[in-house]
J.: 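Structure in structure tokens, see below.
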Amino acid sequence: MSPRAAAKAMVGGIGVVAGLLGLVVVAAAAIVALGLPAESRADDPLPVPVAQPRPTELVIALSLGDPVLQAGAVRDGQVILARGLEVDLARDLARRLGIPRVRFIYVRPASRLLAAKARPWHLTIASIRPGRAASSVADLSKPYLGTDQAVILRRGLPRLSALGELRSRITCALRGGDGARALAASVAPTVRPILAPSNERLLQLVQTGVCDAAVVPADAVGRLVAGRGALLGPITARIELGSGYVVAVTRGGPIAVAEVDRALMRMRVDGTMHRLVRAWLGIDPARLRPLR
Amino acid sequence: MSNAIAMKCSAFLALVATALAIPSAAGAGTSVWFLSDGKPVPVVRGGTTIESAVRQLLAGPTPAERGRGVRSAVPRATPLLSVSVAQRIVTVDLGPRFAAGRDEQGLQGRVGQLVRTVTGIPGVRAVRVLVDGGVPVGLFPGYDLRRPVTAALEPVQGQESIRDHQQQLVDLGFMAPSGLTGTLDTQTSTAVLGFQKWANLSRDGALGEATVAALQRATRPEPRLRAPGRRIEVQLRRQLALLIQGNRVVRAVHISSGAGGATPRGSFRVYRKERYSWSVPFKVWLPWASYFTGGIAFHEYGSVPTYAASHGCVRVNRYDAPTLFGFAETGTPVDVLDEATA
């Protein structure tokens with residue numbers, strides 16, 4: 001065989017191989033189209049979760065800014081020094097999820113925590129209240145801290161046993177705050193409530209007896225009354241609003257919201273949550289007797 | 001080319017060095033701020049650079065200064081990581097220890113000390129505080145340290161104005177809301193006298209340190225006796241009349257009762273009221289008179305000293321006399337009691 005004839009024969013061989021490969025590709029495509037699992041179809045709204053490897057580091061987004069709930073020092077978007085109730089809660093949560101390390105990142109403004117298109121973090125812990133906006137972009141845990149309202153009585157008044165006992169009392173709350181809303185919605189007082197411009201003034205009104213009772217956020221009551229115990233009456237009751245702060249779990253990530261719920265439940269059951277809340281807030285709102 | 005860069009670099013370093021040096025008169029030293037009774041106090045220290053001023057601050061007060069009550073809210077052994085200056089803004093980077101603790105006053109106080117010390121140096125416009133190279137967010141209540149700070153927060157203590165004290169007196173029931181004038185007038189002094197009587201303070205009618213401190217911690221006066229409805233309780237030792245509605249003191253009134261026990265003790269009722277009552281034995285008009293036993297009445301009188309001084313009636317100061325008169329409807333119970341025995 002001359003070199004030219006040999007070359008011709010070789011080209012012919014390649015053509016045959018290419019043809020065969022083409023057939024294989026077409027056949028494979030047909031098999032894939034008929035037999036692949038449902039998640040590859042663009043019109044299917046229910047993706048099957050893809051098992052992701054367990055991270056060795058839990059990345060948690062914080063908004064910072066509250067000396068008691070979460071505060072820190074930030075360098076290049078990383079929180080290099082973090083502290084607060086929610087920070088301690090996040091660390092404990094990571095431990096219970098079996099993830100050895102935690103990295104906090106600072107997301108500013110706080111609205112970006114849930115609104116950002118890309119969320120390169122696993123969890124968001126930032127006093128998030130459940131709502132349509134939050135639940136549309138993330139899986140929300142059960143509340144870890146209630147946002148009920150606490151009742152501070154003036155000195156000399158007997159403890160309350162029912163919500164109705166507040167109705168005829170002179171009540172007060174922070175102007176424009178949740179306490180004022182709770183008064184209107186849950187107490188409906190017969191005497192017009194006094195709305196104070198600041199927490200300082202609010203406490204002064206109770207201390208001096210101008211108000212019989214102040215309605216304040218239960219998660220803040222411990223801080224508000226710190227150092228004033230003898231000047232005020234008992235803080236033994238809360239008005240239940242049935243809401244609280246939740247953990248937002250990034251969808252499609254390696255952490256499932258059910259795991260977070262289980263960990264939070266264990267923290268409640270073994271007393272960890274109570275210890276953390278007492279340490280940071282002074283008073284655990286969950287231990288205040290609900291008024292009905 | 002390299003010479004030009006070297007020249008620029010040395011010029012920059014010279015600028016930084018100049019900025020770091022305190023441009024004050026030689027030997028005059030600089031003010032380092034500490035706390036005394038929670039209030040900021042300056043202490044003069046030697047040193048010629050901003051860095052030395054910060055180091056003096058971190059070192060805390062001397063034993064002698066401590067003996068005089070000077071304190072620092074900055075934790076002991078807080079390390080200084082760096083000090084730099086750019087455009088008259090001083091950046092101070094401190095170790096994480098600077099943010100230790102949870103006491104809000106302490107956290108706020110230490111930033112105040114740092115800001116006062118650094119911004120007090122001539123030529124410094126503001127101070128940027130870093131903790132371990134990071135920007136503190138929410139670590140120090142009251143301060144937004146995401147940007148340079150130009151002035152320290154004033155401590156909460158000692159900020160109350162006369163109007164604030166008047167508001168406290170109104171809240172506690174010692175003065176009518178009409179007394180909120182913002183000036184230290186005789187109505188305020190009268191209310192202060194009433195409060196001082198209640199709080200067992202020396203009775204001078206002045207808003208002195210002890211009175212102000214007691215006002216901060218005061219709660220509403222409580223009646224000695226418990227009974228439903230509207231009534232008046234005269235406490236002879238304190239020389240106060242409490243106007244009570246449903247066991248809640250609505251007003252506490254500075255009075256002067258009969259000298260030498262001339263006002264009878266016991267439970268009575270208001271039985272006669274006269275806008276102006278002519279006193280036959282003393283030949284004087286008594287405004288706003290409410291009689292509750294025999295010829296004994298509550299009435300306005302020009303002189304209401306801090307002790308029992310009348311012939312038996314209960315003298316009421318001119319600011320509260322109309323209020324008491326309006327409150328003491330005919331039939332209103334009046335309890336005159338000695339608190340020591342009641």
Side-chain angles (χ1 to χ4, degrees), chain A residues 62-87 104 106-110 126 154-158 168-170 172 194 196 198 200-201 203-212 223 226-233 279-282, chain B residues 81 93-108 129-146 156 159-160 164-165 167-175 177 195 214-223 226 245-252:
Chain A
L62 303 175
S63 60
L64 301 180
D66 185 313
V68 170
L69 292 179
Q70 49 173 283
V74 181
R75 192 168 55 202
D76 302 327
Q78 305 293 315
V79 183
I80 54 168
L81 174 77
R83 70 167 185 220
L85 168 63
E86 292 179 323
V87 170
F104 294 110
Y106 175 51
V107 179
R108 188 171 165 245
R154 75 168 164 84
R155 233 171 57 145
L157 279 186
S168 57
R169 295 283 182 190
I170 304 170
C172 55
I194 299 170
S198 67
E200 188 58 34
R201 179 74 186 132
L203 293 176
Q204 215 174 39
L205 290 171
V206 185
Q207 179 185 327
T208 55
V210 176
C211 287
D212 292 324
R223 286 177 276 170
R228 294 179 191 248
L231 308 175
L232 304 167
W280 284 101
L281 304 183
Chain B
L81 304 182
D93 189 1
L94 298 156
R97 205 172 157 69
F98 188 67
R102 290 186 196 171
D103 171 45
E104 291 199 3
Q105 257 188 316
L107 289 162
Q108 196 177 86
V129 183
L130 299 179
V131 173
D132 204 18
V135 177
V137 185
L139 283 173
F140 302 97
Y143 283 99
D144 182 0
L145 298 180
R146 288 174 297 181
V156 175
Q159 268 193 325
E160 290 86 8
D164 292 332
H165 297 314
Q167 183 67 64
Q168 288 165 325
L169 290 164
V170 170
D171 289 346
L172 290 164
F174 289 95
M175 191 163 75
F195 172 70
L215 266 176
Q216 306 286 357
R217 304 198 63 77
T219 56
R220 199 173 197 81
E222 289 285 325
R226 293 266 152 189
Q245 179 77 55
N247 287 319
R248 181 174 184 273
V249 173
V250 290
R251 284 295 298 281

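Both backbone and side-chain heavy atoms feed into the values below; hydrogens, waters and symmetry mates do not.
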J.: Of all the heavy-atom pairs spanning A:Gln204 and B:Asp171, show the shortest one and how long it is.
T.: OE1-OD2, 4.1 Å
J.: Using side chain to side chain contact (heavy atoms under 4.5 Å, CB included), reason through B:Val137 and A:Val74 one step at a time and then give a plain yes or no.
T.: CA-CA 7 Å; B:Val137 185; A:Val74 181; 3.8 Å; yes
J.: Is A:Ile170 close to chain B through its backbone or its side chain, or both, or neither, when contacts mean heavy atoms under 4.5 Å?
T.: side chain
J.: Check for a donor-acceptor pair, side chain of A:Gln207 on one end and backbone N or O of B:Gln216 on the other, with a separation under 3.5 Å.
T.: yes
J.: Taking all non-hydrogen atoms of both residues into account, name the closest pair between A:Ala73 and B:Leu139 and its distance.
T.: N-CD1, 4.0 Å
J.: List the atom of A:Asp212, the atom of B:Arg248, and the distance in Å for their closest heavy-atom pair.
T.: OD1-NE, 4.1 Å
J.: Counting N and O atoms only, with roles assigned by atom type, does the side chain of B:Arg102 sit under 3.5 Å from a partner on the main chain of A:Ala279, one being a donor and the other an acceptor?
T.: yes
J.: Do the side chain of B:Arg220 and the main chain of A:Arg154 share a donor and acceptor less than 3.5 angstrom apart?
T.: no
J.: Looking at every non-hydrogen atom in both residues, tell me the closest pair between A:Pro67 and B:Pro141 and how far apart they are.
T.: CG-CG, 3.9 Å
J.: At a heavy-atom separation under 4.5 Å, does B:Leu145 approach chain A through its side chain, its backbone, both, or neither?
T.: neither
J.: What are the two closest non-hydrogen atoms of B:Glu104 and A:Val68, and how far apart are they?
T.: OE2-CG2, 4.4 Å
J.: Look up atom CZ in A:Arg228 and atom OG1 in B:Thr219, then write down how far apart they are to the nearest 0.5 Å.
T.: 13.0 Å
J.: Under a 4.5 Å cut-off applied to non-hydrogen side-chain atoms, are A:Thr208 and B:Gln168 in contact?
T.: no
J.: Give, as side chain, backbone, both or neither, the part of A:Ile80 having an atom under 4.5 angstrom from any heavy atom of chain B.
T.: side chain
